[in-house]
Structure formats: structure tokens, C-alpha cells
Number of protein chains: 2
Amino acid sequence: MDPQRNVVVRGERELVLRAGHLFHAREEFACAAADQSTWALPGARERLVAGLHARRARPFKLYNPGALADEESERRLIEIAGHGVQIRICATPLRQETILIDRKVAILAGPAGDGPREYTVVRAPGVVESVRTLFWATWDAATDLADFRRSRPPALNGQSREILHLLADGLKDEAAARKLGLSLRTYRRRVAEILALLDAGSRFQAGLRARELGLA
Amino acid sequence: MDPQRNVVVRGERELVLRAGHLFHAREEFACAAADQSTWALPGARERLVAGLHARRARPFKLYNPGALADEESERRLIEIAGHGVQIRICATPLRQETILIDRKVAILAGPAGDGPREYTVVRAPGVVESVRTLFWATWDAATDLADFRRSRPPALNGQSREILHLLADGLKDEAAARKLGLSLRTYRRRVAEILALLDAGSRFQAGLRARELGLA
DNA sequence: CGCCCGCTGGCAGCAAGCTGCCACCTTTTG
DNA sequence: CAAAAGGTGGCAGCTTGCTGCCAGCGGGCG
């Protein structure tokens with residue numbers, strides 16, 4: 001097929017169907033997006049990451065702060081980062097989603113709106129290189145996820161704040177769980193999640209950080 | 001012996017010897033002092049407190065802030081308070097130590113200086129009553145030990161600050177102990193002491209409080 | 001010198017905290 | 001409707017943290 005000819009597909013499902021094979025990056029896999037709404041297809045993201053990992057390609061992901069707007073998204077990002085994915089955050093809006101694969105392919109998505117999103121698959125070398133240059137320039141100026149998170153209190157939901165309060169009162173897990181009507185197991189799950197959000201390796205550290213960020 | 005006649009003794013040892021029997025309070029045992037330098041005689045304080053406890057007399061102790069000037073004194077105060085002794089702190093200097101027993105006896109000590117301290121044992125009812133009135137007036141105006149401590153960072157020595165630092169870095173006990181060249185046992189002793197000083201029931205709470213007081 | 005103290009560290013036993021696994025239930029989705 | 005996904009809680013096994021007890025060690029002090 002003529003590499004100079006761009007291909008437009010509609011919707012994520014069709015993208016995976018028609019261009020899924022292109023995602024098998026060997027060297028470079030870079031991605032810029034406002035948030036994590038893409039790859040909502042069940043399992044798609046996991047398979048992708050696992051495949052990249054197997055081929056030792058280090059993925060790079062650039063997001064807007066909105067990608068950690070709520071507790072759950074933030075947790076998801078942390079998990080991905082834990083799998084060796086480089087993640088950075090930049091402030092300027094990334095309305096056009098960009099995916100770069102091995103200096104060969106660029107996939108550019110139109111802004112998310114009503115109906116299926118439009119993806120343009122580009123293989124023209126000149127275009128791909130230009131997009132790459134811009135991507136890496138933006139990447140360099142962006143801040144690492146860990147640094148970004150350290151400078152900004154995570155958005156905790158009501159229950160998390162409540163748990164923080166109980167911890168702050170020095171309650172033992174059992175008492176706190178009872179007070180919340182949770183099982184011990186679930187309570188500890190919540191605490192572990194909060195420790196992760198606070199980037200703390202011990203409860204003492206979490207306490208420090210909670211006060212530091214004005215969360216308790 | 002004539003109750004109107006005051007008795008003067010020199011040194012703590014002689015006081016215990018000549019007036020020790022007077023300390024068997026049944027109702028009221030109150031004491032005002034700048035710090036805890038009195039009752040330095042080994043075991044004397046413990047025996048006294050134990051005896052009072054057995055007779056259900058609630059002792060009252062009024063100190064100056066200097067009584068918690070260093071980590072060790074503060075810890076001692078906390079321990080005493082844990083034994084049911086009421087402790088308050090007042091800012092105005094209590095250079096003359098005062099002990100009141102059962103509305104019957106007052107023991108007044110001259111300022112601590114070189115040589116043995118001079119104690120005056122008073123049993124004259126009018127004098128004892130006056131001293132009591134003054135004591136309780138001062139007591140009422142003083143602040144409870146717990147409140148006082150909560151509003152003031154404890155004076156930590158170098159090692160304690162170092163431990164705080166290790167905790168802040170999220171180190172496990174074993175790693176921290178190794179780094180300090182301490183045994184696990186001793187390290188945990190130190191941590192427990194710090195938790196006590198910070199009035200914290202859990203490490204999380206200690207973390208909060210440490211940040212709050214600007215200690216880490 | 002011997003004795004007493006205070007500090008330390010090992011040990012043991014327990015409490016607290018952490019996590020993987022699985023079963024169950026509800027909700028969502030096809 | 002069935003299948004899948006997500007949330008919850010029990011359980012088990014482990015790690016980490018906590019503390020009382022005792023033995024050893026070194027420094028004052030009579």
C-alpha cells in the first residue's frame with residue numbers, strides 16, 4: 001500500500017481491527033493524550049503493555065494533568081508506571097491524541113467528541129519524523145509523573161478522606177474498619193491504596209506526607 | 001513538738017530522714033517545683049508515688065517548662081502522668097519548691113544552688129492554708145501537661161532526629177537499625193520513645209505530628 | 001575490690017499490618 | 001438470558017512492629 005496515503009478509521013474498535021498489527025513496536029512506542037480514555041477496550045491496554053514489555057521496548061506516555069483527575073485514574077497511572085512505562089505530565093492541552101511507533105507510523109486522533117473518534121494512520125516518513133520531533137520536544141519540557149505527583153495533593157474521595165481522619169486519630173485497623181462498616185480486609189485495601197497515592201512506603205511516611213499536602 | 005515551730009533541714013537525704021514520715025498523705029499531695037531535680041535519690045520518687053497510689057491520694061504536680069527541657073525529663077514526666085499523677089505547667093518561675101501534704105504540712109525549699117538545699121518544714125495551720133490558697137490559684141491558671149505538650153515540639157536529641165529522618169524516608173526498621181549501627185531491639189526502643197514524646201498511638205499519627213511540629 | 005546502675009541486645013511471644021487467593025454477590029454488557 | 005467485570009469479605013501465610021524479660025557489659029561509688 002502507498003505509504004504516502006493516509007488511512008482514516010472511525011472508532012477504537014475499527015482501529016484495533018485495521019491497524020492493530022502496527023502496534024507491535026520493537027524500539028520506540030510513544031503516546032500523547034489528554035487522559036486515559038483511549039484503550040478503554042477491555043484488555044487492550046494490558047495486552048499492549050505486556051507485548052511491549054516482552055520486546056523490551058520502553059513505552060513513553062505523555063498526559064495532561066486531567067489524566068490524574070480522580071483517585072482511580074491516578075491509581076491506574078501509578079500501576080502502569082510500575083510496569084516500567086515512562087510517564088510525564090504536561091500542562092498544555094493535548095487535544096489531538098498522538099501515537100508513535102518505531103519511527104515508522106504515527107496515529108493521530110481527532111478530538112474526542114460525540115460519536116466514534118476519527119483516527120488517521122500516517123506512514124509518510126517526513127510526516128512521522130516531524131511529529132516525532134514535536135513529541136520529543138514536548139516530552140522534554142514535561143515533568144515526570146513522580147515529580148508531578150509529589151508537588152500536588154492527590155484527589156481523594158470522601159471515604160479516603162475519612163480513612164485519613166481515622167488514621168490521624170491513631171485508631172487501630174480493626175476499630176477503624178468497624179467504624180466504617182468495612183471488613184478488615186477491605187479497610188486495609190483502602191489504606192494500601194492511599195499509601196500508594198501518597199507515594200509512601202510506610203504509614204509513618206504517609207502521615208508525614210498527608211500533613212505536608214494538607215490532607216489531614 | 002510545737003506546731004508553730006518550723007524545722008529547717010539541709011539536703012534531700014536529711015529531709016527524707018527527718019521528715020519522711022510526713023509524706024504519707026491520705027488526701028492531698030501537691031507539689032510545685034521548677035523541675036524534677038528533687039527526689040533524685042534512687043527509688044525515693046517511685047516509693048512515694050506507689051504509696052500515694054495505694055492510698056488513692058491523687059498527687060498534683062506543678063512544674064515550669066524547664067521540667068521538659070530535654071527528651072529524658074519529658075519522658076519521665078509522661079511516665080509519671082501515666083501513673084495517674086496530675087501535672088500542670090506554668091510559665092512563671094517556681095524557684096521556691098513547695099510541697100503540701102493533707103492540709104497539714106508544707107515543705108518549702110530554698111532555691112537550688114551550691115551545696116545542700118535548705119528545706120523548711122511548716123506545720124503552722126495559718127501558714128499552711130495560705131500556701132495552699134496560693135498553690136491552687138497558680139494551679140488553676142496553669143495548663144495541663146498534655147495540652148502544653150501538644151502546643152510545643154519536644155526537644156529531640158541528635159539521634160532521635162536522625163531516626164525521624166529514616167522513618168520519613170520510609171525505611172523498614174531493620175534497614176534503619178543497620179544504618180544506625182543499632183540492634184533491632186534498641187532501634188525500636190528509640191522509636192517507641194519518640195512515639196511517646198509525640199503523643200502518638202500509631203506511626204501514621206507520629207508522622208502527621210512530626211510534620212505538624214516541623215520536626216521532619 | 002564488689003556492688004549497683006543504666007544501657008544494650010538477644011529472644012520469645014504477641015499484636016498489627018500486608019497481600020494473594022478464592023468465593024460470593026451485584027452490576028453491566030452482549 | 002448468560003457471560004463478564006468489578007467490588008467485597010473471609011482466610012491463610014507472611015512480614016513488620018511492639019514489648020517484657022533476662023543476660024551481659026561497662027562506669028561510678030562506697
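Order of the sequence lines sets the chain letters (A, B, ...), proteins ahead of strands, with each chain counted from 1.
- Each of B/Glu72 and A/Glu174 has a nearest nucleotide on DNA chain C; the 5'-most of these lies closest to B/Glu72.
- Taking atom CD of B/Glu193 as the reference point, atom C1' of D/dT19 lies 13 Å away to the nearest angstrom.
- Of the two residues contacting DNA chain C, namely A/Asp173 and A/Arg185, the nearest-nucleotide position lying further toward the 5' end is that of A/Asp173.
- In this structure, A/Arg189 reaches the bases: a heavy-atom distance under 4.0 Å links it to at least one base atom across the strands shown.
- A/Leu167 has its CG atom 13 Å from the C1' atom of C/dA16, to the nearest Å.
- Of the charged side-chain nitrogens involved, none lies within less than 4.0 Å of a carboxylate oxygen, so that A/Asp169 and A/Lys179 do not count as a salt-bridged pair.
- As rounded to whole Å, 17 Å separates atom C1' of C/dG17 from atom CZ of A/Phe204.
- The distance from atom CG of A/Asp173 to atom OG of B/Ser202, rounded to the nearest 0.5 Å, is 9.0 Å.
- Residue A/Asn157 contributes atom CG, which lies 12 Å from atom P of D/dG7 at whole-angstrom precision.
- A salt bridge does not link A/Glu193 with A/Arg189: none of the charged nitrogens is closer than 4.0 Å to a carboxylate oxygen.
- The distance from atom CD1 of A/Ile80 to atom CG of A/Leu145, rounded to the nearest 0.5 Å, is 9.5 Å.
- In this structure, the CG atom of A/Leu184 is 14 Å from the P atom of D/dA12, given to the nearest Å.
- For A/Val191, whose side chain is taken as the heavy atoms from C-beta onward, the closest listed nucleotide among D/dG17, D/dT8, C/dC18 is C/dC18.
- Checking C/dT8, D/dT16, D/dG9 against every side-chain atom of B/Lys172, the shortest atom distance belongs to D/dT16.
- Distance A/Arg203 CZ to D/dT15 C1': 13 Å, rounded to the nearest Å.
- The pair B/Glu79-B/Arg75 fails the salt-bridge criterion, with no side-chain N (NZ, NE, NH1 or NH2) lying under 4.0 Å from an Asp/Glu carboxylate O.
- As rounded to whole Å, 7 Å separates atom P of C/dC18 from atom CZ of A/Arg188.
- Remark: C1' of C/dG17 and CD1 of A/Ile163 are 14 Å apart, rounded to the nearest angstrom.
- Looking at the side chain of B/Leu195, the nearest of the listed nucleotides C/dT19, D/dC18, D/dT19 is D/dC18.
- Considering only side-chain N and O atoms, A/Thr186 lies under 4.0 angstrom from the phosphate OP1 or OP2 of D/dG9.
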